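It should be emphasised that the depicted structure is a prediction, and the values quoted were computed from it without experimental measurement.
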Amino acid sequence: MTKVVAITSEKGGVGKSTLAVHLAGAAHAAGRSVLLIDEDGRVGSSLRWAARTGGLPFQVMAAGDVKPKRLSAFDLIILDTEGRPRRRDLRQLAERTDLILVPSGVSTLELEATRELLDFLSGEDAARKTRVVLTRVPRSAAPPTRPARTCARTA
């Protein structure tokens, strides 16, 4: 059975495409057949990454190039969504995926945007299949800021 994982965020620059490419690479290395679909027609970071590196060991396609009948051939489909998707698109995403990953940095602004997205997804009954992935976490030994601790506890 094909599993679908969406990577989305309402905040730009949090590492959606980076997470998508690395997750697809890890799944491929584990022996899974993977398709990474770049749904961001404006920026297309996953497609650019694949082109710049001379290709990746798994398929990367633009959303418009996907043939629905062929999707069942993959063990895992990863959706790299557009930046700041509309709420209507988020509702559809919640309905058609098995897991939603929301990358977030640890700054107050990023955590607030992540919290707002989580609140919206909770209202769409998608909370049970939504996870936050912290990105760009500093290596310092300093304890997390108060907003980071609060968001981590409530997420």
Subject >> side-chain hydrogen bond (donor to acceptor under 3.5 Å, both in side chains) against Arg91, all qualifying residues, sequence neighbours excluded >> reply: Glu124

Original post:
In terms of hydrophobic clustering (I, L, V, M, F, W, Y; side-chain heavy atoms under 4.5 Å; direct or indirect links), are Val34 and Ile37 co-clustered?
Top reply: no

Subject >> Distance-minimising heavy-atom pair for Val14 and Gly105 >> reply: CG1-N, 4.3 Å

**OP:** Please lay out, stage by stage, how Val132 and Leu118 fare under the test side chain to side chain contact (heavy atoms under 4.5 Å, CB included).
**Re:** CA-CA 9 Å; Val132 174; Leu118 292 175; 3.6 Å; yes

Original post:
What heavy-atom pair brings Val106 and Pro138 nearest, and what distance separates the two atoms?
Top reply: CG2-CD, 3.7 Å

Original post:
Between Ser104 and Leu111, what is the shortest heavy-atom contact and its length?
Top reply: OG-CD2, 3.8 Å

Please tabulate, for side-chain N and O atoms in residues 92-101, each donor-acceptor pair with protein atoms closer than 3.5 Å (sequence neighbours left out).
from, atom 1, to, atom 2, distance (Å)
Arg96, NH2, Glu39, OE2, 3.0
Thr97, OG1, Leu93, O, 2.9
Asp98, OD2, Val4, N, 2.7

**OP:** For Thr2, enumerate each residue passing the side-chain hydrogen bond (donor to acceptor under 3.5 Å, both in side chains) test, keeping only those at least two apart in sequence or located in another chain.
**Re:** none

Original post:
Do Ile78 and Ile7 come within less than 4.5 Å of each other through their side chains, counting heavy atoms only?
Top reply: yes

Original post:
Out of curiosity, does Val21 fall in the hydrophobic cluster containing Ile77 (side-chain heavy atoms, cut-off under 4.5 Å, transitive links)?
Top reply: no

Subject >> Residues forming a salt bridge (Lys or Arg N to Asp or Glu O under 4.0 Å) with Arg136, sequence neighbours excluded >> reply: Glu110

**OP:** Output the rest of the hydrophobic cluster of Met1: all Ile, Leu, Val, Met, Phe, Trp and Tyr residues reachable through side-chain heavy-atom contacts under 4.5 Å, sorted by chain and number.
**Re:** none

Distance-only donor-acceptor pairs under 3.5 Å for side chains of residues 22-29, two or more places apart:
from, atom 1, to, atom 2, distance (Å)
His28, ND1, Pro57, O, 3.3
His28, NE2, Pro57, O, 3.3

Original post:
Is a side-chain N or O of Asp38 found less than 3.5 angstrom from the main chain of Ala62, in a donor-acceptor match?
Top reply: no

Original post:
Taking only residues two or more places apart in sequence or in another chain, which ones pass side-chain hydrogen bond (donor to acceptor under 3.5 Å, both in side chains) with Glu10?
Top reply: Arg87

Original post:
Between Thr135 and Leu19, does a side chain to side chain contact (heavy atoms under 4.5 Å, CB included) hold up when you go through it step by step?
Top reply: CA-CA 9 Å; Thr135 60; Leu19 178 59; 5.5 Å; no

Subject >> From OG (Ser45) to CD (Glu82), nearest 0.5 Å >> reply: 12.5 Å

**OP:** Return the set of residues passing salt bridge (Lys or Arg N to Asp or Glu O under 4.0 Å) with Arg86 (not counting sequence neighbours), or none when no residue passes.
**Re:** Asp89

**OP:** Begin from the C-alpha positions of Gln59 and Leu36 and carry the test side chain to side chain contact (heavy atoms under 4.5 Å, CB included) through to its verdict.
**Re:** CA-CA 6 Å; Gln59 268 191 278; Leu36 173 54; over 6 Å; no

Subject >> Partners passing side-chain hydrogen bond (donor to acceptor under 3.5 Å, both in side chains) against Ser33 (at least two apart in sequence or in another chain) >> reply: Asp75

Subject >> Side chains of Thr8 and Leu90 in contact at under 4.5 Å (non-hydrogen atoms) >> reply: yes

Subject >> Under the side-chain contact (heavy atoms from CB on, under 4.5 Å) test, residues paired with Ala73 that sit two or more places apart >> reply: none

**OP:** Go through Leu35 and Phe58 one step at a time and tell me if the side chain to side chain contact (heavy atoms under 4.5 Å, CB included) criterion holds.
**Re:** CA-CA 6 Å; Leu35 172 62; Phe58 49 85; over 6 Å; no

Original post:
Does Val133 share a hydrophobic cluster with Leu76, counting links as ILVMFWY side-chain heavy atoms below 4.5 Å and allowing steps through other members?
Top reply: yes

Original post:
Minimum heavy-atom separation for Asp80 to Ala20, with atom names?
Top reply: CB-CB, 4.0 Å

